[in-house]
Q: 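Pasting a structure below so you can have a look.
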Amino acid sequence: MTQARAGSVSLGSLILAPALLTLAVTLLRLIGELLNWSPVFFARAAGGAGAIVGIVWLVPIFGIYFAWKLARSGPAPGAGAVVGLALLGFAIVAGSIALTGPVLKLGQDAQFGVITVACVLAAGVAYRGWPALNRTLFAYGLAARVPVAVVMLVAIYANWGTHYDVLSPGFPEMAPLAKWFFIGLIPQIFMWVPFTMVAGALCGGLTLLAVGRSRPAN
C-alpha cells in the first residue's frame, strides 16, 4: 500500500509531531480548566475567550512549518497566488458573517448554516493556491480537531462547565447529543478545519515570500 504524500514528503511523517503536540495542548487546556487554573491561560467561557493556552495559536506556526518543509522538498507555487487565494477565503467568510448578520439579519440557525458553508467554500478556494500544503493542513486539521470533538462530547455529557461544553449566550438549551452536534462536531470539522487550511495557507504563502521560493509547481 502506498503512503499518502504531500509533494515529495510523506504526509504522515509531516503531521505526526505537530498532531501529537496539538493533542498535548488540548489535554493541558482541559486539565487547566477542570482545575480552575488562571482564566488568562485557561478560560472556561464559551468559545475559549482567547485564552493563551489553545490550539488555534498553533495554526500559523504549523502553516509556516509545513510550507517550509514542502518548499524545501519540491516545487512550490507562486507566493502571490497562495496569499491572494487565502485572503479571498477569509473575505468569503467575513462577507458571509456580515451578510447574514447586520445586512439580512437572519436567524441564528440560518446564520450558522450559511457561515458553515462559507467556511467550506473558503477552504476550497485556499486549496487552489497550493494543493500540497492544503492537503497537509487538512490532514493536520482533522488530527487536531477530531480529538477536540471527542473531548467536547464527553464534557457535554459530564457537564464539566468548561469551554468545551458551555453554550454561547442566546444559544437554546437542547439534548446533549444535539448540543454536541451543533457546538462540537459541526464547528470543529466544518469551521475549524477550514480555518486551519485558510490561515495556514496564508502563513505558508508569506513563508514562500520570506524564503524566496516561488518556483512554479509541476
Side-chain angles (χ1 to χ4, degrees), residues 4 6 11-34 42-67 86 89-90 92-93 96-97 112-113 115-127 131-158 160 162-168 171 176-204:
L11 183 59
S13 64
L14 191 56
I15 72 166
L16 178 60
L20 291 174
L21 176 59
T22 303
L23 178 60
V25 173
T26 294
L27 296 176
L28 175 62
R29 175 69 183 269
L30 176 61
I31 293 168
E33 292 188 39
L34 290 173
F42 304 94
R44 297 162 63 92
I52 292 174
V53 177
I55 64 175
V56 68
W57 312 119
L58 298 176
V59 172
I61 295 173
F62 290 134
I64 293 169
Y65 170 74
F66 294 144
F90 275 120
I92 289 170
V93 176
S96 72
I97 294 172
F112 182 80
I115 294 171
T116 300
V117 172
C119 288
V120 175
L121 178 60
V125 170
Y127 180 90
L133 174 61
N134 275 276
R135 285 193 295 271
T136 305
L137 289 166
F138 175 72
Y140 165 71
L142 287 177
R145 293 295 169 175
V146 167
V148 176
V150 173
V151 167
M152 293 183 75
L153 180 62
V154 176
I156 287 169
Y157 273 95
W160 281 337
T162 65
H163 94 279
Y164 294 107
D165 59 294
V166 172
L167 289 170
S168 300
F171 206 96
L177 189 59
K179 179 179 176 180
W180 174 71
F181 182 81
F182 284 107
I183 74 168
L185 182 64
I186 295 299
Q188 292 300 321
I189 304 303
F190 296 101
M191 292 182 176
W192 282 113
V193 171
F195 169 82
T196 300
M197 295 173 67
V198 176
L202 176 59
C203 294

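Hydrogens, waters and symmetry mates play no part in the numbers below; they use all other heavy atoms, side chains included.
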Q: To the nearest 0.5 Å, what is the distance between CG on L28 and CG on L23?
A: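 If I round to the nearest 0.5 Å, the distance is 11.0 Å.
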Q: Restricting to non-hydrogen atoms, name the atom on P18 and the atom on T22 that form the minimum distance, rounded to 0.1 Å.
A: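 Heavy-atom minimum between the residues: O-OG1, 2.7 Å.
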Q: Please report the closest heavy-atom contact between I52 and W57, naming both atoms and the distance.
A: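 In this case the closest contact between I52 and W57 is O-CD1, 3.1 Å.
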Q: Can you pull the salt bridge (Lys or Arg N to Asp or Glu O under 4.0 Å) pairs that have at least one residue in residues 23-32, sequence neighbours excluded?
A: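 Applying salt bridge (Lys or Arg N to Asp or Glu O under 4.0 Å) to every pair that reaches into residues 23-32, excluding sequence neighbours, yields R29-E33.
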Q: Side-chain contact, heavy-atom cut-off 4.5 Å: Y127 with R135?
A: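 Contact flag for Y127/R135 side chains = yes.
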Q: When rounded to the nearest 0.5 angstrom, what is the spacing between CG in L133 and SG in C203?
A: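 Reported value, rounded in 0.5 Å steps: 10.0 Å.
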Q: Which donor-acceptor pairs under 3.5 Å do the side chains of residues 176-184 make with protein atoms, sequence neighbours left out?
A:
| from | atom 1 | to | atom 2 | distance (Å) |
| --- | --- | --- | --- | --- |
| K179 | NZ | D165 | O | 2.7 |
| W180 | NE1 | A149 | O | 2.7 |

Q: Does atom CZ (F195) have a neighbourhood of more than 12 heavy atoms from anything else shown, all under 6.0 Å?
A: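 Atom CZ in F195 is crowded, with more than 12 foreign heavy atoms closer than 6.0 Å.
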Q: Ignoring hydrogens, what is the shortest heavy-atom contact between A49 and A43? Give both atom names and the distance.
A: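 For A49 and A43, the tightest heavy-atom pair comes out as CB-CB, 3.8 Å.
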Q: What closest approach, in Å, do N134 and A126 show between heavy atoms, and which atom pair accounts for it?
A: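 Looking at all heavy atoms of both residues, the shortest contact is ND2-O, 3.1 Å.
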Q: Between L137 and I15, is there a side-chain heavy-atom distance shorter than 4.5 Å?
A: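 No. Closest side-chain heavy atoms not under 4.5 Å.
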Q: What pair of heavy atoms forms the shortest contact from T162 to V166, and how long is it?
A: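 T162 and V166 have their closest heavy atoms at O-CG2, 2.9 Å.
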Q: How long is the straight-line distance from CG of L21 back to CG of L16, given to the nearest 0.5 Å?
A: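 L16 CG to L21 CG: 11.0 Å, rounded to 0.5 Å.
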Q: Applying the side-chain contact (heavy atoms from CB on, under 4.5 Å) test to M191, which of T196, T116, V120 qualifies?
A: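 So, applying the side-chain contact (heavy atoms from CB on, under 4.5 Å) to M191 and each of T196, T116, V120, only T116 qualifies.
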Q: So which of W192, Y65, F62 actually passes ring pair (Phe, Tyr, Trp, His ring centres under 6.0 Å) with Y140?
A: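 In the set W192, Y65, F62, the residue that makes a ring pair (Phe, Tyr, Trp, His ring centres under 6.0 Å) with Y140 is F62.
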Q: Does atom CZ of F90 have more than 12 heavy-atom neighbours from other groups under 6.0 Å away?
A: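 Yes, enclosed.
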Q: I'd like to check F42 versus L34 (side-chain heavy atoms, cut-off strictly below 4.5 Å). Are they in contact?
A: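 Contact flag for F42/L34 side chains = no.
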Q: Could you pull out the closest heavy-atom pair between L11 and T136, with the gap in Å?
A: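 Heavy atoms only, the tightest pair is CD1-CA, 3.5 Å.
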Q: Stepwise, does the side-chain contact (heavy atoms from CB on, under 4.5 Å) test hold for I186 with F112?
A: CA-CA 10 Å; I186 295 299; F112 182 80; 3.5 Å; yes
Q: Working to the nearest 0.5 angstrom, can you tell me the gap between I61 CD1 and I64 CD1?
A: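 One gets 7.5 Å once the value is rounded to the nearest 0.5 Å.
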